[in-house]
Peer 1: 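The structure follows.
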Amino acid sequence: MITMKLEGGSLANRVFFNVTRDIKDRRKIIKEVLKPAAKIVAKVMKGDAPVLTMAPAFNVYRGGKLYVSVKPAQLKKSVGIFATASTRKAGAINIGPRYKKGVWTKPDKGGWFMHMVQFGTAYVRPQPFVLQALLKTKSGVGSLMKKGMEKRLRQVINKEGKGILVMA
(Lines give C-alpha, C1' and ligand atoms only; values in the text may rest on other atoms or scores of the structure.)
Protein backbone atom coordinates (compact mmCIF):
# COMPACT_ATOMS: atom_id res chain seq x y z
CA MET A 1 0.00 0.00 0.00
CA ILE A 2 1.24 3.47 -0.91
CA THR A 3 0.41 6.40 1.35
CA MET A 4 0.83 10.01 0.24
CA LYS A 5 0.74 13.18 2.24
CA LEU A 6 0.20 16.48 0.46
CA GLU A 7 2.27 19.26 1.96
CA GLY A 8 0.96 22.77 1.55
CA GLY A 9 -2.56 21.58 0.80
CA SER A 10 -4.18 24.23 2.96
CA LEU A 11 -2.06 26.94 1.31
CA ALA A 12 -3.11 25.70 -2.13
CA ASN A 13 -6.76 25.68 -1.03
CA ARG A 14 -6.49 29.28 0.19
CA VAL A 15 -4.82 30.37 -3.07
CA PHE A 16 -7.53 28.75 -5.21
CA PHE A 17 -10.25 30.21 -2.98
CA ASN A 18 -8.78 33.73 -3.22
CA VAL A 19 -8.32 33.51 -6.99
CA THR A 20 -11.87 32.29 -7.61
CA ARG A 21 -13.27 34.92 -5.23
CA ASP A 22 -11.42 37.77 -6.93
CA ILE A 23 -12.06 36.61 -10.49
CA LYS A 24 -15.79 36.58 -9.75
CA ASP A 25 -15.82 40.22 -8.60
CA ARG A 26 -18.64 41.47 -10.82
CA ARG A 27 -17.96 45.17 -10.38
CA LYS A 28 -14.36 44.84 -11.56
CA ILE A 29 -15.34 42.63 -14.50
CA ILE A 30 -17.95 45.19 -15.57
CA LYS A 31 -15.47 48.04 -15.21
CA GLU A 32 -12.41 46.39 -16.76
CA VAL A 33 -13.90 43.97 -19.31
CA LEU A 34 -17.45 44.87 -20.28
CA LYS A 35 -17.46 48.69 -20.26
CA PRO A 36 -14.66 49.18 -22.83
CA ALA A 37 -16.37 46.73 -25.19
CA ALA A 38 -19.80 48.25 -24.56
CA LYS A 39 -18.54 51.72 -25.48
CA ILE A 40 -17.67 50.46 -28.96
CA VAL A 41 -21.06 48.79 -29.44
CA ALA A 42 -22.90 51.89 -28.15
CA LYS A 43 -20.98 54.13 -30.56
CA VAL A 44 -21.86 51.92 -33.53
CA MET A 45 -25.47 51.63 -32.36
CA LYS A 46 -25.71 55.42 -32.04
CA GLY A 47 -24.41 55.76 -35.57
CA ASP A 48 -26.90 53.22 -36.91
CA ALA A 49 -29.95 54.63 -35.11
CA PRO A 50 -32.39 56.04 -37.66
CA VAL A 51 -33.02 59.77 -37.67
CA LEU A 52 -36.33 61.36 -38.62
CA THR A 53 -35.71 63.25 -41.87
CA MET A 54 -39.11 63.71 -43.51
CA ALA A 55 -40.50 66.19 -40.99
CA PRO A 56 -39.26 68.57 -38.31
CA ALA A 57 -40.96 66.39 -35.68
CA PHE A 58 -43.24 63.38 -35.26
CA ASN A 59 -46.34 64.14 -33.22
CA VAL A 60 -47.79 61.45 -30.95
CA TYR A 61 -51.40 61.83 -29.90
CA ARG A 62 -53.17 60.23 -26.94
CA GLY A 63 -56.85 60.68 -26.26
CA GLY A 64 -57.16 63.05 -29.21
CA LYS A 65 -54.59 65.45 -27.73
CA LEU A 66 -50.95 65.99 -28.55
CA TYR A 67 -48.93 63.84 -26.12
CA VAL A 68 -45.42 64.58 -27.31
CA SER A 69 -43.53 65.82 -30.30
CA VAL A 70 -40.64 63.45 -31.07
CA LYS A 71 -37.66 65.36 -32.43
CA PRO A 72 -35.17 64.13 -35.04
CA ALA A 73 -32.18 62.29 -33.51
CA GLN A 74 -34.03 61.79 -30.19
CA LEU A 75 -33.59 58.03 -30.44
CA LYS A 76 -29.91 58.42 -31.36
CA LYS A 77 -29.27 60.65 -28.33
CA SER A 78 -30.93 58.18 -25.97
CA VAL A 79 -28.63 55.27 -26.93
CA GLY A 80 -26.15 54.53 -24.18
CA ILE A 81 -24.82 52.12 -21.59
CA PHE A 82 -26.89 51.51 -18.47
CA ALA A 83 -27.47 48.95 -15.75
CA THR A 84 -30.49 47.66 -13.89
CA ALA A 85 -30.59 45.90 -10.55
CA SER A 86 -30.81 42.49 -12.21
CA THR A 87 -27.96 43.15 -14.65
CA ARG A 88 -25.71 44.42 -11.84
CA LYS A 89 -26.50 41.26 -9.85
CA ALA A 90 -25.67 39.11 -12.87
CA GLY A 91 -22.47 41.02 -13.66
CA ALA A 92 -23.74 42.46 -16.92
CA ILE A 93 -24.66 45.78 -18.51
CA ASN A 94 -27.24 46.94 -21.05
CA ILE A 95 -26.63 48.82 -24.26
CA GLY A 96 -29.45 50.54 -26.08
CA PRO A 97 -31.95 53.40 -25.97
CA ARG A 98 -32.64 54.60 -22.44
CA TYR A 99 -36.18 55.42 -21.37
CA LYS A 100 -36.84 54.17 -17.83
CA LYS A 101 -34.70 56.27 -15.47
CA GLY A 102 -33.61 59.83 -14.97
CA VAL A 103 -34.09 62.43 -17.64
CA TRP A 104 -34.82 59.66 -20.15
CA THR A 105 -38.29 59.04 -18.64
CA LYS A 106 -39.47 62.31 -20.15
CA PRO A 107 -41.31 61.48 -23.38
CA ASP A 108 -39.55 64.29 -25.24
CA LYS A 109 -36.07 62.99 -24.24
CA GLY A 110 -36.01 59.20 -24.00
CA GLY A 111 -36.07 56.44 -26.57
CA TRP A 112 -39.40 55.00 -25.38
CA PHE A 113 -40.51 54.46 -28.99
CA MET A 114 -37.49 52.27 -29.82
CA HIS A 115 -39.61 49.13 -30.23
CA MET A 116 -41.83 50.81 -32.82
CA VAL A 117 -38.77 51.79 -34.85
CA GLN A 118 -36.94 48.50 -34.31
CA PHE A 119 -39.83 46.16 -35.13
CA GLY A 120 -42.17 48.45 -37.06
CA THR A 121 -45.92 48.96 -36.74
CA ALA A 122 -48.89 48.54 -39.06
CA TYR A 123 -47.99 51.92 -40.60
CA VAL A 124 -44.20 52.05 -40.26
CA ARG A 125 -41.68 49.62 -41.72
CA PRO A 126 -39.14 48.15 -39.27
CA GLN A 127 -35.72 49.78 -39.13
CA PRO A 128 -33.65 47.40 -37.00
CA PHE A 129 -30.43 48.90 -35.70
CA VAL A 130 -29.72 47.20 -32.36
CA LEU A 131 -28.93 43.73 -33.67
CA GLN A 132 -27.04 45.15 -36.65
CA ALA A 133 -24.74 47.09 -34.31
CA LEU A 134 -24.06 43.91 -32.33
CA LEU A 135 -23.32 41.92 -35.47
CA LYS A 136 -21.02 44.62 -36.87
CA THR A 137 -18.91 44.72 -33.72
CA LYS A 138 -19.08 41.03 -32.81
CA SER A 139 -15.55 39.93 -33.69
CA GLY A 140 -13.70 43.03 -32.52
CA VAL A 141 -15.63 43.34 -29.28
CA GLY A 142 -15.35 39.61 -28.63
CA SER A 143 -11.58 39.69 -28.92
CA LEU A 144 -11.41 42.86 -26.79
CA MET A 145 -13.44 41.14 -24.05
CA LYS A 146 -11.27 38.03 -24.28
CA LYS A 147 -8.10 40.12 -23.88
CA GLY A 148 -9.67 42.06 -21.02
CA MET A 149 -10.64 38.87 -19.21
CA GLU A 150 -7.16 37.38 -19.68
CA LYS A 151 -5.64 40.60 -18.32
CA ARG A 152 -7.99 40.47 -15.32
CA LEU A 153 -7.10 36.81 -14.70
CA ARG A 154 -3.38 37.62 -14.87
CA GLN A 155 -3.82 40.45 -12.35
CA VAL A 156 -5.69 38.20 -9.94
CA ILE A 157 -3.21 35.34 -10.27
CA ASN A 158 -0.23 37.67 -9.80
CA LYS A 159 -1.86 39.21 -6.72
CA GLU A 160 -3.44 36.15 -5.11
CA GLY A 161 -1.37 33.33 -6.58
CA LYS A 162 1.41 33.89 -4.04
CA GLY A 163 3.95 32.29 -6.40
CA ILE A 164 2.12 28.95 -6.27
CA LEU A 165 -0.22 29.62 -9.17
CA VAL A 166 1.36 30.91 -12.37
CA MET A 167 -0.39 31.76 -15.62
CA ALA A 168 1.53 30.62 -18.68
Side-chain angles (χ1 to χ4, degrees), residues 11-53 70-121 124-168:
L11 178 62
N13 282 340
R14 264 187 309 198
V15 166
F16 284 120
F17 175 78
N18 290 341
V19 166
T20 55
R21 182 198 64 219
D22 280 10
I23 201 65
K24 290 193 292 186
D25 186 352
R26 292 182 178 112
R27 288 178 299 156
K28 285 190 177 183
I29 289 175
I30 289 171
K31 182 181 174 187
E32 297 173 8
V33 178
L34 296 179
K35 278 260 174 119
K39 286 179 182 178
I40 295 168
V41 176
K43 184 177 180 182
V44 171
M45 195 179 295
K46 231 176 218 204
D48 287 356
V51 177
L52 178 66
T53 57
V70 176
K71 297 171 216 61
Q74 181 174 328
L75 184 62
K76 184 182 287 263
K77 290 176 187 173
S78 73
V79 171
I81 302 165
F82 60 97
T84 62
S86 59
T87 56
R88 273 190 294 275
K89 185 178 177 184
I93 52 176
N94 298 320
I95 310 164
R98 295 167 286 185
Y99 55 90
K100 289 192 175 184
K101 283 195 170 202
V103 70
W104 306 109
T105 58
K106 296 179 182 177
D108 60 335
K109 292 277 185 189
W112 55 272
F113 54 94
M114 181 272 279
H115 296 89
M116 291 181 266
V117 173
Q118 181 77 13
F119 303 111
T121 66
V124 179
R125 66 176 176 77
Q127 298 177 28
F129 65 98
V130 174
L131 182 61
Q132 280 67 18
L134 292 172
L135 293 175
K136 283 180 185 177
T137 58
K138 183 172 85 173
S139 63
V141 167
S143 65
L144 181 67
M145 288 174 60
K146 182 180 175 184
K147 287 177 187 171
M149 199 61 193
E150 286 175 357
K151 181 180 174 188
R152 173 85 183 113
L153 186 57
R154 276 188 203 286
Q155 289 172 346
V156 169
I157 288 175
N158 288 341
K159 178 184 170 195
E160 299 293 341
K162 302 195 187 311
I164 296 171
L165 211 57
V166 180
M167 189 167 171

Peer 1: Please list all pairs passing the salt bridge (charged side-chain N to carboxylate O under 4.0 Å, His left out) test where one or both residues lie in residues 73-83, with sequence neighbours left out.
Peer 2: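 Those involving residues 73-83 do not exist here.
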Peer 1: Got a sec, which residues hit side chain to side chain contact (heavy atoms under 4.5 Å, CB included) with Ile30, two or more places apart in sequence or on another chain?
Peer 2: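 Side chain to side chain contact (heavy atoms under 4.5 Å, CB included) list for Ile30, sorted by chain: Leu34, Lys35, Ile93.
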Peer 1: Listed by chain and number, what are the salt bridge (Lys or Arg N to Asp or Glu O under 4.0 Å) partners of Lys28, not counting sequence neighbours?
Peer 2: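 If we apply the salt bridge (Lys or Arg N to Asp or Glu O under 4.0 Å) test to Lys28, skipping adjacent residues, there are no hits.
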Peer 1: Heavy-atom distance under 4.5 Å between the side chains of Ile29 and Met149, does that happen here?
Peer 2: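 In contact.
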Peer 1: I need the minimum non-hydrogen distance between Leu75 and Gly111, along with the two atoms involved.
Peer 2: CD1-CA, 4.0 Å
Peer 1: Any side-chain hydrogen bond (donor to acceptor under 3.5 Å, both in side chains) pairs touching residues 79-96, not counting sequence neighbours?
Peer 2: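 Pairs touching residues 79-96 that pass the test: Thr84-Ser86, Thr84-Thr87.
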Peer 1: If you take all heavy atoms of Gly110 and Ser78, which pair is closest and at what distance?
Peer 2: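 Looks like C-CB, 4.0 Å.
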Peer 1: Restricting to pairs with a member in residues 90-99, which pass salt bridge (charged side-chain N to carboxylate O under 4.0 Å, His left out), not counting sequence neighbours?
Peer 2: none
Peer 1: How long is the gap from CZ on Arg152 to CE on Met145, to the nearest 0.5 Å?
Peer 2: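 So the CZ of Arg152 and the CE of Met145 are separated by 14.5 Å.
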Peer 1: Please find the pair of heavy atoms, one from Pro50 and one from Phe129, that lie closest to each other, and give the distance.
Peer 2: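 Smallest interatomic distance, heavy atoms only, reads CD-CD2, 3.6 Å.
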Peer 1: Does a side-chain heavy-atom distance below 4.5 Å link Val70 with Leu52?
Peer 2: no
Peer 1: Taking side-chain hydrogen bond (donor to acceptor under 3.5 Å, both in side chains) as the cut-off, I'd like each qualifying pair that reaches into residues 100-114, sequence neighbours left out, listed once.
Peer 2: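 Listed once each, the pairs would be none.
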Peer 1: How far apart are the closest heavy atoms of Pro97 and Met114, and which atoms are they?
Peer 2: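 Looking at all heavy atoms of both residues, the shortest contact is CG-CG, 3.3 Å.
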Peer 1: Taking side-chain hydrogen bond (donor to acceptor under 3.5 Å, both in side chains) as the cut-off, I'd like each qualifying pair that reaches into residues 126-137, sequence neighbours left out, listed once.
Peer 2: Asp48-Lys136
